[in-house]
Number of protein chains: 2
Amino acid sequence: MTSAEALEILEGYLQKKGLKTTAQRRLITEVFFDPRFKHDHPSVDSLYQHVRTRDASVGYATVYRTVKLLVECRLATPRQLGPTDKETRYEPEAPGEHHDHLVCLECGFIVEFENEEIEALQHQVARHFGFAIREHRMVIYGNCSRADCERRPTAEARPTP
Amino acid sequence: MTSAEALEILEGYLQKKGLKTTAQRRLITEVFFDPRFKHDHPSVDSLYQHVRTRDASVGYATVYRTVKLLVECRLATPRQLGPTDKETRYEPEAPGEHHDHLVCLECGFIVEFENEEIEALQHQVARHFGFAIREHRMVIYGNCSRADCERRPTAEARPTP
DNA sequence: GTTGGTGCAAATTGTTTGCATATAA
DNA sequence: TTATATGCAAACAATTTGCACCAAC
């Protein structure tokens, strides 16, 4: 999903709700869907930093409020990847799509994947317990095999050993 | 796992680390593994409340510090069930065991389950991306079919299955 | 007696909110 | 024109920490 498509969805949502399209909301959405940035699962703070490089007058609260709007119209999903992460991180979403995550406990490297067999089994389990599935979250933690694993230790994915 | 077994593991851990076994640590562990309580996935606050009914002099900080110890020796796992939960909740663990969760979005009802087929597929996916699995977290959200669903709107006040 | 533990209150951190002003519709 | 948005600072809520006194070893 491109920034332009996301903006269209956002504007439709705002209109429907009688809310206003502002320069800040457009900028934040644009940055959030920036191809160079959209796989970062950014925290609000990280998004705020990027936004500030393009308009230093934008306030922290506005970023929080806009991210909340993006979540409401399903353009963003809150995630708690790293088992030790304190901040909530957000991921750009195309409505209808879904994927899960593999997270490297050493270097924080994240892989997104989809697996229909697992999804089918989840529905089966849910049905067995009388649940109607609305959504699910699955994160697999492990060690990746990239050559430069360990060389980029990030704060994000480090549980107590 | 009984309170007694948990206590034994904790005391072993404390000894190994040169830390001390105190009445508070014993009490908190006992309450955390109390059979009437151990499936509640309690928050630190909820655990604190229960502990206070048995010793009103125990402080909030001590409960936090003790829970941290329990996590370190793998007797507790931090969870963020409810997509809207603010507080971290903790679950008593028997080392080696594992289960996932079904959470009702309406009433907060939680079912624990295990599914070997899903676990096998997770390993397959991980291998495909060159990851060695260390652990995983899976939560399925949906609507349960219990007769009194909706009547218990908070995740804290949950029935025993 | 020494080292680590506790309770309290104060500090920190991520997030939200009240308010006066600014801006889209 | 009029409702909604913004930026700022203050408020909040969950969690952590500094410190003087206590208690396990």
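Reminder, nothing fancy here: chain letters follow the sequence lines and each chain counts from 1. The model shown is predicted, which means the values in this text are computed figures rather than measured ones.
- Residue pairs meeting the ring-ring contact (aromatic ring centres under 6.0 Å, His included) criterion with at least one partner in residues 112-137 of chain A, sequence neighbours excluded, are His98(A)-His136(A).
- Among residue pairs with one or both ends in residues 50-73 of chain B, those qualifying as ring-ring contact (aromatic ring centres under 6.0 Å, His included) are Phe37(B)-His50(B), Tyr48(B)-Tyr60(B), Tyr60(B)-Tyr64(B); sequence neighbours excluded.
- Look at Arg89(B) and Glu87(B) and you find no salt bridge, because none of the NZ, NE, NH1 or NH2 atoms lies under 4.0 Å from a carboxylate O.
- Counting non-hydrogen atoms of other residues, nucleotides and ligands closer than 6.0 Å to CD of Glu8(B) gives a total of 12 or fewer.
- A donor-acceptor contact under 3.5 Å links the side chain of Arg65(B) to the base of dG7(C).
- With sequence neighbours excluded, the residues satisfying ring pair (Phe, Tyr, Trp, His ring centres under 6.0 Å) with His41(A) are His101(A).
- Whole-Å rounding puts the Arg89(B) CZ to dA13(D) P distance at 19 Å.
- OP1 or OP2 of dT6(D) sits under 4.0 Å from a side-chain N or O of Arg25(A).
- Asp45(A) is linked by a salt bridge (charged side-chain N to carboxylate O under 4.0 Å, His left out) to nothing, counting only residues two or more places apart in sequence or in another chain.
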Where protein sits on nucleotides 20-25 of chain D, one letter per nucleotide: B base, S sugar-phosphate only, - none, heavy atoms under 4.0 Å: ---BBS
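- Comparing Leu14(B) and Ala61(B) against DNA chain C, the residue whose closest nucleotide sits nearer the 5' end is Leu14(B).
- Applying the side chain to side chain donor-acceptor pair (under 3.5 Å) criterion to Arg79(A), with sequence neighbours excluded, gives Glu91(A), Glu93(A).
- Checking the phosphate oxygens (OP1, OP2) of dT15(C), a side-chain nitrogen or oxygen of Thr88(A) falls inside 4.0 Å.
- Scored by the side chain to side chain donor-acceptor pair (under 3.5 Å) test, Glu114(B) finds no partners at all (sequence neighbours excluded).
- The terminal axes of the helix from dG1(C)-dC25(D) to dA25(C)-dT1(D), fitted over 5 pairs per end, subtend an angle of 30° to the nearest 10°.
- Taking only side-chain atoms of Tyr64(A), from C-beta outward, the nucleotide of dT17(C), dG7(C), dT16(C) with the closest atom is dT16(C).
- In this structure, Tyr13(A) places its OH atom 14 Å from P of dT4(D), rounding to the nearest Å.
- The salt bridge (charged side-chain N to carboxylate O under 4.0 Å, His left out) test applied to Asp34(B) returns Arg36(B), not counting sequence neighbours.
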Name each donor-acceptor pair under 3.5 Å that joins a side chain in residues 23-30 of chain B to protein atoms two or more places apart or in another chain, with its distance.
residue  : atom : partner  : partner atom : Å
Arg25(B) : NH1  : Lys20(B) : O            : 2.8
Thr29(B) : OG1  : Arg25(B) : O            : 2.7
Glu30(B) : OE1  : Arg54(B) : NH2          : 2.8

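- Rounded to whole Å, the distance from OH on Tyr60(A) to C1' on dT16(C) is 13 Å.
- Applying a 4.0 Å cut-off to non-hydrogen atoms, the residues of residues 38-58 of chain A that approach DNA chain D are Ser57(A), Val58(A), listed by residue number.
- We find that CG of Leu69(A) is positioned 16 Å from P of dT15(C), with the value rounded to whole Å.
- With sequence neighbours excluded, no residue forms a side chain to side chain donor-acceptor pair (under 3.5 Å) with Gln124(A).
- At whole-Å resolution of the value, CD in Glu87(A) and P in dT13(C) are 11 Å apart.
- Summarising the geometry, the separation between NZ on Lys68(A) and P on dG14(C) is reported as 17 Å, rounded to the nearest angstrom.
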